[in-house]
Each structure stands twice: as C-alpha cells, then as structure tokens.
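Excluded from the calculations below are hydrogen atoms, water molecules and symmetry mates; all remaining heavy atoms, backbone and side chain alike, are included.
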Amino acid sequence: MNAPTPAGLPATSGCPVAHGGQDSLTRLYGPDASDDPQGIYERLREQHGPVAPVLLEGDVHAWLVLGYRENRHVLENPRQFTRDSRIWRDWKEGRVEESSPLIQMVGWRPDCVSQEGEAHRRLRAAVTDNLQAIAGRGIRRHVTHFANKQIDAFVAAGQADLVTEYAEYLPMLVLTRLFGLAEGEGRQLAVSCAQVIKGGEEALAHNDRIMKILGELAERKRAEPGSDFTTGLLDHRADLDEEEVLSHLRLVLIAAHTTTSNLLARVLQLLLTHPSHMAGLVSGRLDISAVVEEVMWNTPPLAVCPGRFATADLELGGRQVKAGDLLVLGLAAGNRDPEVRPDATTALHGNKAHLAFSGGSHECPGQGVGQAIIETAVDVLIHRLHGLRLAAAPADLTATASSWEARLDRLPVEFTAQET
C-alpha cells in the first residue's frame, strides 16, 4: 500500500530536478547543512511534505523521507524499496563516480545490508549469532576496564571534555577487544570510521586504511583463532568467503563505533543539562534505559539512514518515485513528525517506537552491544567523578552535521580532582 498524498500536495514528477531545477534543491552536505539539520528537515517538510527532493554529496539526487509513516512504509517493504544498490539508476548511468564518498555509504558490498531475501538471511545470521556470542562474554567487563582507563587520564585535572576524552574513543577500544584487534589500533580506527561517515575527499583513503587493518586481522585469526567476533565469522556455518568476512567486519566496526560513540555523547549531554535526570539516575529513581530512549527519539545517533532504492515506479508521500531512484531515510525527522508527535516536549518513557534503529528486516542487530557499552560507560563515569557538572551553558553546546549524523562538538565538565 502506498503512503497517502498529504492534503494540498499534488503528486509530482519523479525526477527531483523537476521540482524547480537542481539549483533550487537543498543540499544535505556542506557548510550550510552542518549547523542546523533539524531546521533543514522542518523547512523541507513545510515545502514538500513527507518526502522531499534533496542533493547528497557530489550533488547526487535523492529523496529524503521525512514522515514517520513513510519511513516505516519504506523500511517494512523491501520488495518495493531494496538495499541492493545495483539497481541505482544514477550509478548505472554513470552519474556517480566510483571514487564518490557516497559509495562508502550506499555502494553495493557482499554484506547483509546490501542483500535481500535468502542471501540477506544467510549473511545476517552470521552477524547476529556472533554479536549475541560476544555480548555474553563479559562485554561489560571490557567497558569497565577501558572506561576506567580513559577516566584515569583526566581525573586528576578536575576537568575534561567528555566528547574528545571519553565518548569519542571508548566504544572503539571495546570493539578492539571484541574483534581480537590490538588496543593500539583503536584510535586510528575510530578516526577512520568517523571520516567514512563524514564523507569528503578523505573518505576513500580512510576506508582503505580500515580494510587493510581488517584484512591483516582476518589473516591472523585464521592462523590463531580465538573467542572473538572475527573468529566467529570465519567459523560460522554460513561459510562466508574472504570478501564477505571483511565486508562484515567493516560493517559492524563502523556502524557499532560511530553510532555508539555519538549516542554516548548525547546521553551524557542530556544528563548534564537536565539535573533532575542525573539526580534520578544516581538515586535509582530513573533507569538509564529511559534516558537512552529519550535520546533515541530526540537526537538519534544516525539522523539519516542511507540507501533504499525503488524497485519500480511508485508513489510515496505524494511523490512519484521512479524505479532506481535513491531514497534516504530521515530517522531524526521522522521521530519528530508532527503527524505522530504533535508535542515534541511530551515525555516518551517506555515508548520504543522510534526510528533510531531503522526497522524491518534490516533493523540494527547490534542494539544489545551498544546498550551494554552505554549503560556501563555512564555508570562508571558518574560513580568515578564526584561533583560532576557541566562547565558551559547548555545553549553553547554545538554539534556539527554531515549528511548522515550530527555529532556533539564538545562536552566540557568539571568535577572534584582526584589522585589516580
């Protein structure tokens, strides 16, 4: 069933250029898009309704899905909206260069997010089985170890930036242990993963750096297997070939680190800018999962989810989408859709219907791992740092957006200095 046309909005041509020409389209990248993405989403909603024509990096045309119901429709109908980018018309007709940063986000790879049907089920099983396995092998112990190690580096100073000195690297340090990587590779991988998501001219080089490290890891684990995620992929009954193993290592590493680090920073921001939340958490009246859910609704770690492709000409939200068109899913915009959430200030405790984890058959399989990292990282921090308080006005906390996410720039805090 197609999503309905909004009142007063006629169905329009499928070609985004038809909406007034390419120069009139909104870019989801570059300086103008980096400061106020939510404002851009709301202006697009006012102008176009629940589905808007936009330009991605390199001025590549796409449809941005802004409506909550329309996002759900796309996510839950893979026969109409596939993740398989081999049908992407702009790519097939040569309008997207192989070196485009977009390829790192939406290009086809032999991994589960690029597949549908039986191929998807086979590959996803290898990922989910091994994520469940590592989640049961003391993940909170690893988080506690690295969280304390990060805190030890700044606890004597009585002040810190919880973005650059805590949230930005902690998830990757945990992932190095879970993957069987050397701890020293963590910071380099964190920087490279962030750059792949951010895009720009350096994205391809950083992706190559990630693949080199992961290739060496897989080779080492074939010779010296262990109780880690990498060995689990190599040995899984799905019988992944070498390219499939590397593609899934890359997929989980980038997705798990970038979303968890961003979410951790946002959870800490919410606690530090809302003293009642912090007091409730410390006293036990408020569960950390409720704080995480609030962040998931208001500032999801992935604001825009890349890559669905229309399998046929169809209508969505009053727009005539053509076969092979690229759609990107506005998770942050959908979570604030006034059609389903008229008052964005209303408390949403216990409501898990947000779009932050995507949905349908491609819903994020690593939610449990991310939740364990965040819960433990917050618990260790608030119990280690006495008198923890924000060292800036809440209004001065800024974020920088790319096409896909908005990351907190800094989170300065003060606390009682302690000897390590």
Mind checking whether Arg95 and Arg89 have side chains closer than 4.5 Å, heavy atoms only? yes
Set out, in order, the CA-CA distance, both residues' side-chain angles and the distance that settles side chain to side chain contact (heavy atoms under 4.5 Å, CB included) for Gln188 and Ile213, then state yes or no. CA-CA 10 Å; Gln188 179 182 348; Ile213 292 173; 4.0 Å; yes
Examine distances only and state if a side-chain atom of His274 and a backbone atom of Leu270 form a donor-acceptor pair shorter than 3.5 Å. yes
Relative to the ring of His354, is the ring of Trp297 parallel (under 30°), tilted (30 to 60°) or perpendicular (over 60°)? perpendicular
Mind checking whether Leu240 and Leu123 have side chains closer than 4.5 Å, heavy atoms only? yes
Any side-chain heavy-atom pair from Leu246 and Glu243 closer than 4.5 angstrom? no
Consider side-chain contact (heavy atoms from CB on, under 4.5 Å). Of Leu28, Leu25, Val304, which one does Val54 pass it with? Leu28
After noting the C-alpha distance and the side-chain angles of Ile288 and Leu281, does the key distance pass the side chain to side chain contact (heavy atoms under 4.5 Å, CB included) rule? CA-CA 7 Å; Ile288 183 61; Leu281 189 63; 3.9 Å; yes
Rounded distance [0.5 Å steps], CG in Leu214 versus NZ in Lys221: 13.0 Å
Quick one: do Glu293 and Lys352 satisfy salt bridge (Lys or Arg N to Asp or Glu O under 4.0 Å)? Show the steps, please. CA-CA 7 Å; Glu293 290 297 335; Lys352 300 180 183 296; 3.2 Å; yes
With rounding to the nearest 0.5 angstrom, report the CD to CG distance, Gln80 to Leu327. 11.0 Å
Could you tell me whether Arg237 and Asp129 make a salt bridge, using a distance below 4.0 angstrom between a side-chain N and a carboxylate O? yes
Looking only at heavy atoms, the pair that brings Arg124 and Cys364 closest together is NH2-C, 4.3 Å
What's the separation between atom CG in Leu66 and atom CZ in Arg43, rounded to the nearest 0.5 Å? 12.0 Å
Side chain proximity check, Gln150 to Tyr169, heavy atoms < 4.5 angstrom: yes
How far does CZ of Phe309 sit from CH2 of Trp108, to the nearest 0.5 angstrom? 13.0 Å
May I ask you to decide if Leu55's main-chain N or O and Arg27's side chain share a donor-acceptor pair within less than 3.5 Å? no
Could you verify whether a donor N or O on one side chain and an acceptor N or O on the other, from Thr258 and Arg407, lie under 3.5 Å apart? no
Closest non-hydrogen contact found for Ala147 with Leu170 is N-CD1, 3.6 Å
Do the side-chain N and O atoms of Ser114 and Asp111 include a donor-acceptor pair separated by under 3.5 angstrom? yes
Apply the test side chain to side chain contact (heavy atoms under 4.5 Å, CB included) to residues Leu272 and Leu397: give CA-CA distance (whole Å), side-chain angles for both, the deciding distance (0.1 Å), then the verdict. CA-CA 11 Å; Leu272 288 161; Leu397 299 178; over 6 Å; no
Answer yes or no: is there an ion pair linking Arg140 with Glu375, defined by an N-O contact shorter than 4.0 Å? yes
Ser85 side chain to Val106 backbone, donor-acceptor under 3.5 Å: yes
Any side-chain to backbone donor/acceptor pair from Thr311 onto Arg79? Under 3.5 Å, distance only. yes
Of all heavy-atom pairs between Trp404 and Leu102, which one has the smallest distance, and what is that distance? CZ2-CD2, 3.7 Å
Steps toward salt bridge (Lys or Arg N to Asp or Glu O under 4.0 Å) verdict (Arg222, Glu219): CA-CA 5 Å; Arg222 283 190 183 92; Glu219 184 177 353; over 6 Å; no
Heavy atoms, side chains only, cut-off 4.5 Å: are Arg209 and His206 in contact? yes
Examine distances only and state if a side-chain atom of Ser34 and a backbone atom of Thr400 form a donor-acceptor pair shorter than 3.5 Å. no
Side chain to side chain contact (heavy atoms under 4.5 Å, CB included), that's the test. Do Leu268 and Val378 meet it? Break it down for me. CA-CA 7 Å; Leu268 292 172; Val378 171; 4.1 Å; yes
Please name the pair of heavy atoms, one in Gly232 and one in Asn130, separated by the smallest distance, quoted to 0.1 Å. CA-OD1, 3.0 Å
Answer whether the closest heavy-atom distance between the side chains of Met105 and Glu57 falls below 4.5 Å. no
Any chance you could measure Phe357, atom CZ, to Leu302, atom CG, to the nearest 0.5 Å? 11.0 Å
Ignoring hydrogens and angles, tell me if any N or O in the side chain of Asn207 forms a donor-acceptor pair with the backbone of Val196 under 3.5 Å. no
Tell me whether Arg220 is salt-bridged to Glu216, with the criterion being a basic N under 4.0 Å from an acidic carboxylate O. no
Under 4.0 Å between a Lys/Arg side-chain N and an Asp/Glu carboxylate O for Arg384 and Asp152? yes
Salt-bridge present (Arg319, Glu70; N to O < 4.0 Å): no
Rounded to the nearest 0.5 Å, what separates atom CD in Gln320 from atom CH2 in Trp63? 9.0 Å
Let's go through Tyr41 and Asp36 carefully: what are the C-alpha distance in whole Å and the side-chain angles of both, what is the deciding distance for side chain to side chain donor-acceptor pair (under 3.5 Å) to 0.1 Å, and is it a yes or a no? CA-CA 9 Å; Tyr41 305 151; Asp36 184 21; over 6 Å; no
Phe81 side chain near Leu329 side chain, heavy-atom distance below 4.5 Å: no
In terms of heavy-atom contacts, Ala356 and Pro300 come closest through CB-CB, 3.8 Å
Indicate yes or no for a side-chain donor-acceptor contact from Thr260 to the backbone of His257 under 3.5 Å, with no hydrogens or angles considered. no
Whether the side chain of Arg308 engages the backbone of Leu75 through a donor-acceptor N/O pair (distance < 3.5 Å, no angle test) should be reported. no
Can we say Arg121 and Glu118 salt-bridge, meaning some charged N sits less than 4.0 Å from an Asp/Glu carboxylate O? yes
Does CD in Glu242 sit with more than 12 non-hydrogen atoms of other residues, nucleotides or ligands closer than 6.0 Å? no
Any chance CD of Glu93 has more than 12 other-residue heavy atoms, nucleotides or ligands included, within less than 6.0 Å? yes
Distance-only, no hydrogens or angles: does the Asn148 side chain make a donor-acceptor pair with backbone N or O of Thr144 under 3.5 Å? yes
Would you name the heavy atoms of Asp59 and Tyr29 that are closest together and state the gap between them? OD1-OH, 2.6 Å
Any chance you could lay out the salt bridge (Lys or Arg N to Asp or Glu O under 4.0 Å) test for Asp337 and Arg69, step after step, and finish with the verdict? CA-CA 9 Å; Asp337 184 351; Arg69 294 186 180 91; 5.4 Å; no
Would you please say whether a donor-acceptor pair under 3.5 Å links the side chains of His277 and Glu294? yes
Checking the side chain of Thr230 only, and the main-chain atoms of Phe179 only, is there a donor and an acceptor separated by less than 3.5 Å? yes
Side-chain contact, heavy-atom cut-off 4.5 Å: His61 with Leu326? no
Flag for Arg266-Asn298: side-chain donor and acceptor within less than 3.5 Å: no
